[in-house]
Amino acid sequence: MLSSVVLKIGHNNDIIKDANINLFCAFTFPLSPCLFLQGSMSSGHRLRDVEQQHPLLDGEEAAVGSAAGEAEQVWFIQDGCGMVCAFITWFLVLYADFVVTFVMLLPSKSFWYAVINGVVFNCLAVLALSSHLRTMLTDPGAVPKGNATKKYMESLNLKPGEVIYKCSKCYSIKPERAHHCSICKRCIRKMDHHCPWVNNCVGENNQRFFVLFTMYIAMISTHALALSGYQFVTCVKLQWSECSDFSPPVTVMLMIFLCLEGLLFLTFTAVMFGTQVHSICNDETEIERLKNEKPTWERQVRWEGMRSVFGGKPSLLWINPFAGLRLRRLLATRSRKAGPEFSV
């Protein structure tokens, strides 16, 4: 058992002494992310990667300045691929809404059929896009940059033999179950994966919105496929010119593309929804599952896991993407100066 806190930060075997903290720099595996591990070192603990050697920050200004700056920013990742994928997602949802509303429902001779299906589909589309926005613009649980200070380590009240890891990429002392995202350029708490379709990581703070996004997209895809099937049957029985305001070739092309989109989206989002719920119920992120990491934390399984992600007892708030949204705070942050994660 070591008699001091151990901080793995580099690739050599030098020992750096600073006050009452011994910094033991050891060689670590080159392909694994770094993590904060509690308890003494044992064979059951996997060492996590820190690719470059950086000492502790000499002062607290960087950590304080970073935390203060992040509190004034709207979270948005400036990744070209992610922004394109997010735009495509919105375009496809709005395309589906256009085809359902203007090609299938408005020309319908049944008033209540058009009204009921139109209201249901558009409400689901709004909920899906709102969930997408909340997932994209919510901080997934980023660890503050530059918190590897002597003052911060002393505030952790670490016990003798506890091992903590510092990420050399964002200079953070990382909590347990945090992983570094090379796209967000931050360490994310309970990082599940980085999803380009929402241009953000799925982590501790926005996983519930990602689950809602996949659920609502799967629902509108199913609804669009059902409406398309009914429309095809109706148009075959009647004249194609009477079942749509568009010409028959245009109507057929629009509906075929909608069916292909619906099948693709339904398959993808249904699988993602199932894996996310399974992950929550087992209290195991996708990264932890793929790396076959043994849990060193107390698991919250089944309903405990669902409550920890969605908050409180089961209620309609669980499926409400607007829950917890503070409009005044959002409007206030938009007027402030942006940082590296956000720009106007």
Side-chain angles (χ1 to χ4, degrees), residues 74-76 86 89-90 92-94 96-97 100-101 105 112-141 189-193 195 197-227 262 265-286 299-334:
V74 174
W75 182 270
F76 183 77
T89 301
W90 274 68
L92 292 176
V93 172
L94 294 177
D97 186 72
V100 168
T101 303
L105 296 182
W112 290 110
Y113 170 81
V115 169
I116 293 175
N117 283 284
V119 170
V120 171
F121 188 88
N122 282 275
C123 286
L124 291 176
V126 169
L127 291 172
L129 294 178
S130 300
S131 301
H132 183 273
L133 275 180
R134 292 300 301 275
T135 308
M136 182 169 60
L137 301 180
T138 299
D139 181 350
R189 295 184 182 90
K190 291 184 67 175
M191 176 181 170
D192 188 86
H193 67 286
C195 179
W197 298 105
V198 297
N199 190 32
N200 201 1
C201 278
V202 177
E204 184 177 62
N205 296 339
N206 66 346
Q207 187 175 26
R208 59 167 295 194
F209 302 122
F210 182 75
V211 173
L212 293 181
F213 169 67
T214 57
M215 181 183 73
Y216 287 125
I217 290 294
M219 293 176 68
I220 65 173
S221 299
T222 303
H223 194 186
L225 290 172
L227 292 175
F265 268 39
L266 176 60
T267 303
F268 173 75
T269 55
V271 171
M272 287 302 301
F273 176 78
T275 56
Q276 286 295 301
V277 172
H278 180 268
S279 173
I280 294 172
C281 291
N282 288 324
D283 195 13
E284 182 182 45
T285 66
E286 189 66 17
R299 280 188 167 181
Q300 295 179 318
V301 296
R302 298 184 178 85
W303 283 110
E304 291 183 3
M306 295 292 288
R307 283 194 291 266
S308 68
V309 172
F310 290 90
K313 298 180 180 179
S315 66
L316 292 177
L317 293 177
W318 280 22
I319 59 175
N320 179 15
F322 303 102
L325 181 64
R326 298 178 181 179
L327 185 59
R328 291 183 180 179
R329 181 178 180 182
L330 179 62
L331 293 177
T333 55
R334 291 186 63 182

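All of these numbers come straight from a predicted model, not from anything done at the bench.
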d(F268 CZ, W197 CH2) to nearest 0.5 Å is 7.5 Å

Only counting residues at least two apart or in another chain, list the ones meeting side chain to side chain contact (heavy atoms under 4.5 Å, CB included) with S221. I217, F265, L266

Partners meeting side chain to side chain donor-acceptor pair (under 3.5 Å) with E204 (sequence neighbours left out): none

Under 6.0 Å between the ring centres of H193 and F210? yes

Check: D139 side chain, G141 main-chain N or O, donor-acceptor pair, under 3.5 Å: yes

Heavy atoms of A224 and F121 approach each other most closely as CB-CE1, 3.9 Å

If you measure from OG1 on T138 to CH2 on W75, what distance do you get to the nearest 0.5 Å? 10.5 Å

Output, in order, the C-alpha distance, side-chain angles, deciding distance and verdict of side chain to side chain contact (heavy atoms under 4.5 Å, CB included) for H132 and V198. CA-CA 6 Å; H132 183 273; V198 297; 3.7 Å; yes

Check for a donor-acceptor pair, side chain of T214 on one end and backbone N or O of V211 on the other, with a separation under 3.5 Å. yes

Under the rule for side chain to side chain donor-acceptor pair (under 3.5 Å), what residues qualify as partners of N206, not counting sequence neighbours? none

Between M136 and N200, the two heavy atoms sitting closest are O-ND2, 3.3 Å

By side chain to side chain contact (heavy atoms under 4.5 Å, CB included) - contacts of L317 (at least two apart): S315, N320, A323

F322: partners by ring pair (Phe, Tyr, Trp, His ring centres under 6.0 Å), with sequence neighbours left out: none

Got a donor-acceptor contact below 3.5 angstrom from the D192 side chain to the E286 backbone? yes

Under the side chain to side chain contact (heavy atoms under 4.5 Å, CB included) test, residues paired with Y113 that sit two or more places apart: L105, S108, S110, N117, L227, Y230

Correct closest heavy-atom pair for F209 and P321 would be CE2-O, 3.7 Å

Who passes side chain to side chain contact (heavy atoms under 4.5 Å, CB included) against C123, sequence neighbours left out? V119

Rounded to the nearest 0.5 Å, how far does CG of L94 lie from CG of L129? 6.0 Å

Measure across D283 and K190 and return the closest heavy-atom pair with its distance rounded to 0.1 Å. OD1-NZ, 3.8 Å

Hits for side chain to side chain donor-acceptor pair (under 3.5 Å) against W303, two or more places apart or cross-chain, chain-then-number order -> none

Who passes ring pair (Phe, Tyr, Trp, His ring centres under 6.0 Å) against F310, sequence neighbours left out? W318

Could you check whether any side-chain heavy atom of M215 comes within less than 4.5 Å of a side-chain heavy atom of I319, counting everything from C-beta outward? yes

Could you tell me whether a side-chain N or O of S279 sits under 3.5 Å from a main-chain N or O of T275, the two making a donor and an acceptor? no

Minimum heavy-atom separation for Q207 to Q276, with atom names? NE2-OE1, 3.0 Å

All salt bridge (Lys or Arg N to Asp or Glu O under 4.0 Å) counterparts of E304, not counting sequence neighbours: none

Let me see the working for N122 and D97 under side chain to side chain contact (heavy atoms under 4.5 Å, CB included), right down to the final yes or no. CA-CA 7 Å; N122 282 275; D97 186 72; 2.5 Å; yes

